[in-house]
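Here the structure is laid out as structure tokens; the discussion comes afterwards.
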Amino acid sequence: MPSFQGPKGTRDLYPLDAAKRRFVMEAWRSASIRHGFEEIDGPTFEHLPLYTVKSGEGIVSELFSFKRAGGEDDYALRPEFTPTLARMYAAKAGSLPKPTKWFMAGPFFRAERPQRGRLREFLQWNVDFLGLAGDPKAPEEIERAKAAADAEVIATCVSFLASLGLTPRDVRIRVNHRFALSQWLESQGVAAERQGDLFKLLDQRGKLPEGQFAVGLAEFGFSTQQAEVFQKGVVRITVDDPQSAGDAVLDLTLFAHAVMPLAQQFAQMGIVDWIDFDLTVVRGLAYYTGMVFEVHEASGAERAIAGGGRYDGLVELFGGPGTPAVGFGMGDVVLALVLQDRGLMPEDARVVELAGLRPDVFVLSNGSAEADAWVRPLCARLRAAGLHARHSYKATKNIGKLLKDGADLRARFAVIVESPESVTVKDLKTGSQSAVSLEGLASHLRGA
RNA sequence: GUGGCCAUAGCUCAAUCGGUUAGAGCACCGGGUUGUGAUCCCGGGGGUUGCGGGUUCGAGUCCCGUUGGCCACCCCA
């Protein structure tokens with residue numbers, strides 16, 4: 001046992017782990033890029049006040065914060081990206097296009113007690129859509145543009161999930177709308193100042209003991225039957241017929257009308273199969289101003305895979321111009337649990353391939369002294385020609401063992417050196433082999 | 001921050017009621033069967049039983065602390 005253990009809640013990534021991380025990062029990147037988002041990044045630590053501005057002093061206990069030895073300034077490792085994003089956007093807002101579509105993926109740090117699906121250092125993918133297309137003025141146009149941006153962001157998320165082989169049967173996008181919910185609650189007699197407490201209650205659904213949820217709702221004037229509708233959560237909204245939304249005991253028509261632009265956008269993007277409208281998704285953050293959503297494993301077994309929503313006031317909070325914005329973050333920890341559970345995390349051999357780690361050629365000697373001396377120079381030549389060439393570091397002259405080494409590395413070809421003039425190329429997939437001249441070796445390996 | 005369970009080789013595990021030198025498989029390294037990919041045979045390196053204290057003639061085993069892991073609560077940006 002080593003004398004040192006890694007810090008709590010961190011992970012050591014050995015080659016296959018690193019390959020898997022790369023696989024996830026690449027899937028995040030390519031989904032973002034094909035949806036037209038541009039990659040950015042910021043510092044992994046910021047001035048501490050950047051985080052307390054948005055979340056209050058209470059956040060500090062959840063952060064890794066520090067002062068430089070002898071220094072005065074407080075810093076904190078980034079626990080999320082949104083403040084950095086808002087800061088970066090605010091700094092150049094005047095020269096940025098409308099809309100600005102940015103994404104990033106990188107490490108984040110939170111000083112929380114680790115548990116299932118949560119570590120102290122993790123990767124997070126952030127996708128944000130700032131500003132609106134077409135500089136709309138009329139309220140209906142603004143709403144439509146917001147709904148379009150909301151749907152575009154969610155569609156990017158769906159596109160990623162699908163690219164890994166997940167389906168609407170595996171994961172659900174639970175969508176709600178803070179503003180529409182507020183309006184509707186008001187119509188049900190829940191005054192605005194009481195809604196914060198109700199949101200908290202809705203958020204706790206599922207964690208509360210049997211019956212407690214209904215008891216809590218009763219305090220807001222909802223009947224037992226109505227509580228059952230909340231318990232189920234999901235609201236069906238048919239695009240052509242808003243009146244269809246709701247239930248005999250809970251008239252959600254007003255809510256459905258408010259959410260209709262979103263539902264239409266989801267239909268246009270072809271992602272309705274993934275979406276559930278869910279009254280109980282409120283998200284803890286006070287700064288969400290419109291659509292909010294979470295991605296969950298379909299049975300609800302794990303904590304949220306991703307979460308986000310619209311935060312139209314945030315850029316302004318960080319000193320920029322008032323800018324409508326919508327975005328989400330997705331961590332790698334819960335995602336990995338879900339992928340593993342569904343058998344969708346690539347096998348070791350496959351991840352080596354997906355991460356682009358397969359050697360083109362594995363060079364070995366037939367055992368003669370002359371051939372032994374040529375293995376390394378030949379590798380050097382092949383590498384100079386741009387090929388991924390490897391050789392064994394073992395002392396054995398057993399060709400069978402050496403070939404197994406090459407096969408274990410998933411090399412495409414083995415080259416058996418007989419002499420400086422003569423080599424045999426073996427295709428490790430088909431098993432066929434042939435003599436190839438030294439001059440043509442590199443192009444043979446590249447082309448074949 | 002609170003609580004429960006756990007910690008033996010790189011991995012999976014074993015070691016009677018507290019009793020002698022802590023074992024096995026796999027993996028890794030080497031040798032052989034004298035040139036072809038999950039063969040077979042032989043050999044090897046690896047451990048202060050997470051760490052620190054205590055009880056005892058004697059501790060992997062019991063007690064306390066500590067670090068880390070898992071799980072739940074709090075929180076979840």
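A, B, ... follow the sequence lines: proteins, then strands. Residue 1 opens every chain.
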Between B:G47 and B:U8, how far apart are the C1' atoms? Round to whole Å, please.
8 Å

Check every strand shown and say whether A:Asn126 touches a base, only sugar-phosphate, or nothing at a heavy-atom separation below 4.0 Å.
nothing

With rounding to the closest Å, how many angstrom separate the C1' atoms on B:C13 and B:A7?
14 Å

If you only use heavy atoms from C-beta on, which nucleotide in B:U36, B:G69, B:C75 is closest to the side chain of A:Gln204?
B:C75

A:Arg303 side chain to A:Arg116 backbone, donor-acceptor under 3.5 Å:
yes

Please tell me whether A:Phe45 and A:Tyr75 form a close aromatic pair, meaning their ring centres lie under 6.0 Å apart.
yes

Quick one about A:Thr84 and A:Arg78 (side-chain donor to acceptor, distance below 3.5 Å, no hydrogens or angles considered), yes or no?
no

Have a look at A:Thr396 and say if it touches a base, only the backbone sugar-phosphate, or nothing, with a 4.0 Å heavy-atom cut-off.
sugar-phosphate

Proximity to the side chain of A:Gln433 - top-ranked nucleotide from B:C75, B:U36, B:C74:
B:U36

Take atom C1' in B:G19 and the same atom in B:C62, then report the distance between them in whole Å.
14 Å

Here the distance between atom C1' of B:G10 and atom CG of A:Leu16, to the nearest Å, is 14 Å

Please report the distance, rounded to the nearest Å, between OH in A:Tyr14 and C1' in B:G10.
9 Å

I'd like to know if A:Arg116 reaches the base of B:C70 with its side chain, counting only an N/O donor and acceptor under 3.5 Å.
no

Donor-acceptor pair (no angle test) under 3.5 Å: A:Arg303 side chain, B:C76 base:
yes

Determine whether any donor atom in the side chain of A:Lys394 lies under 3.5 Å from an acceptor atom in the base of B:G31, or the reverse, and answer yes or no.
no

When you measure from the side chain of A:Arg410 to the backbone N and O of A:Arg358, does any donor-acceptor pair fall under 3.5 Å?
no

So do the side chains of A:Met330 and A:Trp28 get within less than 4.5 Å of each other, counting heavy atoms only?
yes

Check every strand shown and say whether A:Gly431 touches a base, only sugar-phosphate, or nothing at a heavy-atom separation below 4.0 Å.
base

Short side-chain N/O contact from A:Gln115 to OP1 or OP2 of B:C71, under 4.0 Å
no

Is the closest side-chain heavy-atom distance between A:Leu164 and A:Phe23 below 4.5 Å?
yes

Of all the nucleotides listed (B:C76, B:C71, B:U39), which has the minimum atom distance to the side chain of A:Arg110?
B:C76

To the nearest 0.5 Å, how far apart are CZ in A:Arg194 and CG in A:Leu201?
11.0 Å

A:Thr424 or A:Tyr393: which one's nearest nucleotide on RNA chain B is closer to the 5' end?
A:Tyr393

Can you tell which of B:G68, B:C75, B:G37 lies closest to the side chain of A:Ala407?
B:G37

Should the side chain of A:Arg113 and the base of B:G69 be counted as holding a donor-acceptor pair, with the cut-off at 3.5 Å?
no

With P as the reference atom in both, quote the distance from B:G54 to B:A27 in angstrom, rounded to an integer.
43 Å

Rounded to whole Å, CD1 of A:Ile399 lies from P of B:U39 at a distance of 17 Å

Please determine, for the side chain of A:Glu112, which listed nucleotide (B:G32, B:G37, B:C75) has the closest atom?
B:C75

Base of B:G37, side chain of A:Lys426 - is there a donor-acceptor contact under 3.5 Å?
yes

Ranking A:Leu119 and A:Ile416 by the position along RNA chain B of their nearest nucleotide, the one closer to 5' is A:Ile416

Between B:G4, B:A38, B:U33, which one does the side chain of A:Asn398 approach most closely?
B:U33

Grab the CG-P distance between A:Leu402 and B:C29 for me, whole Å please.
11 Å

Determine the contact category for A:Ile59: base if any of its heavy atoms lies under 4.0 Å from a base atom, sugar-phosphate if only primed atoms, P, OP1 or OP2 are that close, otherwise nothing.
base

What is the distance, to the nearest angstrom, from the NZ atom on A:Lys429 to the C1' atom on B:U36?
20 Å

According to ring pair (Phe, Tyr, Trp, His ring centres under 6.0 Å), who are the partners of A:Tyr14, at least two apart in sequence or on a separate chain?
none

Can you check the A:Leu403 CG to B:A38 C1' distance for me, whole Å?
14 Å

Would you kindly give the CZ-to-P distance between A:Phe108 and B:C75, to the nearest whole Å?
23 Å

Tell me if the aromatic rings of A:Tyr393 and A:His391 count as close, with their centers under 6.0 Å from one another.
yes

A:Ser32 side chain near A:Trp125 side chain, heavy-atom distance below 4.5 Å
yes

Minimum-distance nucleotide to A:Leu428 side chain [options: B:G31, B:G37, B:C73]
B:G37

Counting Watson-Crick and G-U wobble pairs whose two distances are both under 3.5 Å, find the runs of 3 or more in a row that involve RNA chain B.
B:1-7 with B:67-73, B:10-13 with B:23-26, B:28-32 with B:40-44, B:50-54 with B:62-66

For the C1' atoms, the ones on B:C17 and on B:G58, what distance do you get once it is rounded to whole angstrom?
14 Å

Taking any heavy-atom pair under 4.0 Å as a contact, classify A:Gly308: base, sugar-phosphate, or nothing.
nothing

Atom NZ of A:Lys8 to atom P of B:C51: distance rounded to whole Å?
19 Å

Between B:G18 and B:G10, how many Å separate the two P atoms, rounded to a whole number?
28 Å

For B:G45 and B:G31, measure between their C1' atoms and round to the nearest Å.
15 Å

If you measure from the C1' atom in B:A59 to the same atom in B:C63, how many Å do you get, rounded?
11 Å

